[in-house]
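Chain letters run A, B, ... following the sequence lines, proteins first, then strands; residues in each count from 1. Keep in mind that the numbers below use all heavy atoms, side chains included, and drop hydrogens, waters and symmetry copies.
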Number of protein chains: 2
Amino acid sequence: MPRTPKADDLYPAVAPSGHFNPHLADVEYGALDGLVGYAVRRAQLHIYEDFVRSLQTWNITPPRFSAMTVIAHNPNLKLTELANILGVARSGAVLLVDTLEDMGMVERQPAPKDKRAFRLVLTAKGATTLDEITRAVTAHDARVTAHLSTDERQTLLALLNKLASGPNSAS
Amino acid sequence: MPRTPKADDLYPAVAPSGHFNPHLADVEYGALDGLVGYAVRRAQLHIYEDFVRSLQTWNITPPRFSAMTVIAHNPNLKLTELANILGVARSGAVLLVDTLEDMGMVERQPAPKDKRAFRLVLTAKGATTLDEITRAVTAHDARVTAHLSTDERQTLLALLNKLASGPNSAS
DNA sequence: TATTGTTATACTCTATAACTATA
DNA sequence: TATAGTTATAGAGTATAACAATA
């Protein structure tokens, strides 16, 4: 059981705190302007803001959405596997699943052959909600990239994936 | 004065926690694969890991590097201005400057006409160190993008900047 | 012995809000 | 009254480490 219930309030876990302009006129950014890393960070802040605003009705943050999506498409994951996929510590996955279970989205089912482990599955409500929020997230993603052309968006996606997958270019 | 000294230890403020593979085989990522937002997040995790590792000798995190760079290129900033540029709350800027002052990188100098305010400047040590870490950061950035061609890197940078600047395409 | 899930604990980051001293 | 900096406080997020049950 989680120490404190977190799913009850409707407020998002991250404060919006007004809009952040990533590049002000009259300000010199020096070496920052040439760094892919800083550009990625700027882009992330820009997108994250809109994500939280767009999903606050459901109290869904990016990690929660990722977890639900991964659980939906890879049923019967163990908690440790989920942690590895999401790149968080096991303890972090426990808290994430606690929250999603409190929200009625995910269930821990006993694993058939291993009495230590659980199989993670979406509830019916979780599946329905995931459909809704996937549409909301897709709309949000389209909105924050609306000023890019279709080609530009595709190119950006491909380059980001190539960047993140590192030197081992097999994705 | 800061409540707890943070600049003394050599450990980075963020735990590396091993390598995170953003895209495992045998795992279905569902809608996540088509989202620019998730691709940006993946890329950011990938880059952030290497940044912290590359700069741990100096105990410099991305926010600290950004702050030092902005202060260097825009001398005599007030604390509130720095906060606006970096997109953090004033109290966050205070803590950031506290840390950099503890490290001997930044100085608060009295503002000439306003007894409430300070002018932020780099110390001599700060300027020297910034040269070093700018080289280290540039090398780090080149390394994590080394598997992209020069053209791809330029395109990615341009698209990210366009993305982050939003519909108001004037940068 | 190793692994699964859990809990305890701590630390970073960042926000809001109240406070002070100036303006 | 408003602003600059500061401080107090709180909360999310995530890490490490120890633990019980099971393999």
Side-chain angles (χ1 to χ4, degrees), chain A residues 1-9 11-18 20 41 44-45 48-49 52 56 59-64 66-67 76-84 86-99 101 106 108-120, chain B residues 1-9 11-18 20 41 45 48-49 52 59-64 66-67 76-84 86-99 101 106 108-120:
Chain A
M1 242 185 301
R3 234 163 315 157
T4 51
K6 284 181 284 188
D8 306 333
D9 57 321
Y11 298 100
V14 175
S17 93
F20 165 56
R41 185 178 142 74
Q44 223 230 334
L45 286 173
Y48 199 88
E49 247 181 36
V52 172
Q56 65 185 355
N59 195 22
I60 288 292
T61 56
R64 292 174 193 168
S66 302
N76 304 324
L77 281 179
K78 288 191 287 186
L79 231 146
T80 302
E81 293 169 339
L82 179 66
N84 288 338
L86 298 180
V88 299
R90 285 200 308 277
S91 58
V94 170
L95 264 37
L96 202 44
V97 171
D98 281 345
T99 302
E101 206 167 32
V106 166
R108 288 170 164 98
Q109 290 185 352
K113 300 202 163 193
D114 189 335
K115 288 186 180 174
R116 297 170 302 180
F118 294 110
R119 297 162 21 145
L120 300 174
Chain B
M1 241 186 301
R3 233 163 315 156
T4 52
K6 283 183 286 188
D8 306 332
D9 58 319
Y11 298 100
V14 174
S17 92
F20 165 56
R41 186 178 142 72
L45 286 173
Y48 199 88
E49 247 181 37
V52 171
N59 195 19
I60 288 290
T61 56
R64 291 174 193 170
S66 302
N76 302 324
L77 280 180
K78 288 191 285 185
L79 231 147
T80 303
E81 293 168 340
L82 179 66
N84 289 337
L86 298 180
V88 298
R90 286 200 307 279
S91 57
V94 169
L95 264 36
L96 202 44
V97 171
D98 282 344
T99 302
E101 205 166 34
V106 166
R108 288 170 163 96
Q109 290 184 352
K113 299 205 163 191
D114 189 336
K115 287 187 179 172
R116 299 170 302 179
F118 294 111
R119 298 163 20 147
L120 299 173

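- Rounded to the nearest 0.5 Å, atoms CD (A:Gln109) and CZ (A:Phe118) are 11.0 Å apart.
- Contacts of B:Ala89 with the nucleic acid, taken as non-hydrogen atoms under 4.0 Å apart, include base atoms.
- Comparing D:dG5, C:dC13, D:dA2 by their closest approach to the side chain of B:Val94 singles out D:dG5.
- Contacts of A:Arg108 with the nucleic acid, taken as non-hydrogen atoms under 4.0 Å apart, involve only primed sugar atoms and P, OP1 or OP2.
- Between the CZ atom of A:Arg119 and the C1' atom of C:dG5 there is a distance of 17 Å, given to the nearest Å.
- The CG-P distance, from B:Leu86 to C:dA15, rounds to 11 Å in whole Å.
- In this structure, the nucleotide among D:dA4, C:dG5, C:dA2 sitting nearest to the side chain of B:Lys78 is D:dA4.
- Residue A:Leu82 contributes atom CG, which lies 10 Å from atom P of C:dG5 at whole-angstrom precision.
- The side chain of A:Leu79 lies closest to C:dG5, out of D:dT14, C:dG5, D:dA4.
- If you measure from atom CG of A:Asp98 to atom P of C:dT4, you get 18 Å, rounded to the nearest angstrom.
- Side-chain proximity of A:Arg90 to the nucleotides D:dA18, D:dA23, D:dT14 is greatest for D:dA18.
- Residue A:Val88 is in sugar-phosphate contact alone, with no base atom involved, counting any heavy-atom pair closer than 4.0 Å across all strands shown.
- One interatomic measurement links the two molecules: CD1 of A:Ile60 to P of D:dA12, which rounds to 15 Å at whole-angstrom precision.
- Taking atom CZ of B:Arg116 as the reference point, atom C1' of D:dA4 lies 5 Å away to the nearest angstrom.
- For A:Phe118, the listed nucleotide lying nearest its side chain is C:dT6; candidates were C:dT6, C:dA21, D:dG5.
- Ranking C:dA2, D:dG5, C:dA23 by closeness to the B:Lys115 side chain, first place goes to C:dA23.
- Residues A:Arg90 and A:Thr80 come closest through the heavy atom pair CD-OG1, 3.4 Å.
- Counting heavy atoms from C-beta on, the side chains of A:Leu86 and A:Leu96 come closer than 4.5 Å.
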Fill in: A:Arg108 vs A:Asp98, salt bridge (Lys or Arg N to Asp or Glu O under 4.0 Å): CA-CA, chis, key distance, verdict
CA-CA 9 Å; A:Arg108 288 170 164 98; A:Asp98 281 345; 3.1 Å; yes

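- Using a distance-only test at 3.5 Å, with no hydrogens or angles considered, no donor-acceptor pair links the side chain of B:Arg41 to the main chain of A:Pro63.
- Rounded to an integer number of Å, the gap from CD of A:Glu101 to P of C:dT6 is 8 Å.
- Contact annotation: side chain of B:Thr61 to base of C:dT12, donor-acceptor pair absent below 3.5 Å.
- Put simply, CG on B:Leu95 is 11 Å from C1' on D:dA8, counting in whole angstrom units.
- Side chain A:Ser91 to base D:dT14: no donor-acceptor pair is found below 3.5 Å.
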